[in-house]
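Single-structure report; data block below.
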2 protein chains.
Amino acid sequence: MSEELLPQPDTGEIQLVKVLHALGDPVRIQLLGIYADGEEHSCDPRVLGLERLHKSTVSHHMRVLREAGITSTRAAGRNRYVRLRRADLDARFPGLLDSLLGSLASGGTGEDVPPAA
Amino acid sequence: MSEELLPQPDTGEIQLVKVLHALGDPVRIQLLGIYADGEEHSCDPRVLGLERLHKSTVSHHMRVLREAGITSTRAAGRNRYVRLRRADLDARFPGLLDSLLGSLASGGTGEDVPPAA
DNA sequence: CCAACGGTTTGACGCTCGTCAAACAATAGA
DNA sequence: TCTATTGTTTGACGAGCGTCAAACCGTTGG
């Protein structure tokens, strides 16, 4: 059995400008919202609600997020489990993640917001 | 005499993903640090400490920041005065700007940090 | 009126990005 | 041992970005 972490930057090496660049994309900011629960998630576009995108495209976004230091990916068997690096990000940039997730919830993404009706 | 504001998005129209995209660039995140004092600033690259960049390049970055809703530009005579839209950003995304500026100060940009010596 | 100033706009260049498709790799299950 | 599953990698394509240079525009000051 294999059980290893895919390469990712050390906490101290995470750069703000790269984090912002990584999140300055509609798909990846949406992924951040999905990962906000702190749980592990599969990479399958169907599971993530990203059926509109090819699996290789999703894989690409995963890599960008991981290399920016935002997510951590664990490989187990033929599955990969992606999780938010909440503690590391909080240590590196205190308060940033919380305000980002808060802003996301306040609807700053231009997504379709169904009326409260 | 002319004295008008260049076009910019209304506070409610500011989109998080566009803000992050705008700030996910080394030059523009540096500009954010300059504007952090809340004062008005000229566009002259020499005044901004951006001598390495052509004035048209700086002008381009100004436009990106303004159209993302991050800055406000006032035209007076042949000068333009750029200022951070702190109140608008705080209203739209509470806490985001503060944590961004804090993260910037914590050195997450990969900039050269002179030793404390 | 005319020249200098502060910025913007346009066009060009190379590079990066987001996306898909196809091939590939590794594991799990029958 | 096949075959299906899960995801990565590579290559291609069009679009967008960051930069510079040159032309342009409105304003200021002789």
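We name chains A, B, ... by the order of the sequence lines, and we start the count at 1 in each one.
Proximity of residues 57-65 of chain B to DNA chain C (heavy atom under 4.0 angstrom from any strand atom) is restricted to Ser59(B), Arg63(B). Interface residues of residues 37-53 of chain B facing DNA chain C, ordered by number: Ser42(B), Cys43(B), Asp44(B), Arg46(B); criterion, heavy-atom separation under 4.0 Å.
By the side chain to side chain contact (heavy atoms under 4.5 Å, CB included) test, Arg85(A) pairs with Gln8(A), Pro9(A), Thr11(A), Ile14(A), Ser72(A), Asp88(A), sequence neighbours left out. For Ser59(A), the side chain to side chain contact (heavy atoms under 4.5 Å, CB included) criterion is met by no residue, not counting sequence neighbours. With sequence neighbours excluded, the residues that form a side chain to side chain contact (heavy atoms under 4.5 Å, CB included) with Asp90(A) are Arg86(A), Leu97(A). Every side chain to side chain contact (heavy atoms under 4.5 Å, CB included) that His41(B) has, sequence neighbours left out, goes to Ile34(B), Tyr35(B), Asp37(B), Glu39(B), Leu48(B).
Here the C1' atom of nucleotide dT8(D) and the CG atom of Asn79(A) are 14 Å apart, to the nearest Å. The distance from atom CD of Glu4(A) to atom C1' of dA25(C) is 14 Å, rounded to the nearest whole Å. Here dT16(C) presents its C1' atom at 8 Å from NE2 of His21(A), a figure rounded to the nearest Å. Remark: P of dG18(D) and CD1 of Ile29(B) are 13 Å apart, rounded to the nearest angstrom. The distance between atom CZ of Arg74(A) and atom C1' of dT8(D), rounded to the nearest whole Å, is 18 Å. The nearest whole Å value for the distance from the CZ atom in Arg80(B) to the P atom in dG7(C) is 8 Å. Across the protein-nucleic acid pair, Leu31(A) atom CG and dG7(D) atom P stand 13 Å apart, rounded to whole Å.
In this model, the phosphate group of dG18(C) is approached by a side-chain N or O of Arg28(A) to a distance below 4.0 Å at OP1 or OP2.
One donor-acceptor pair, N or O on each side, does fall under 3.5 Å between the base of dT27(D) and the side chain of Arg78(B).
Under a hydrophobic-cluster definition in which Ile, Leu, Val, Met, Phe, Trp and Tyr are linked whenever side-chain heavy atoms come within less than 4.5 Å, directly or via other members, Val19(A) and Leu6(A) are assigned to different clusters. Both Leu101(B) and Leu16(A) are part of a single hydrophobic cluster, where members link through side-chain heavy atoms under 4.5 Å apart.
Projected onto DNA chain C by closest heavy-atom contact, Asp25(A) and Lys55(A) fall at different nucleotides, the more 5' of which corresponds to Asp25(A).
If you take SG on Cys43(B) and CG on Leu50(B), they are separated by 11.0 Å, rounding to the nearest 0.5 Å.
Salt bridge Glu40(B)/Arg83(B): present, at least one basic N to carboxylate O contact under 4.0 Å.
When atom types are taken as modelled, the side chain of Arg66(B) and the backbone of Pro7(B) share a donor-acceptor pair closer than 3.5 angstrom.
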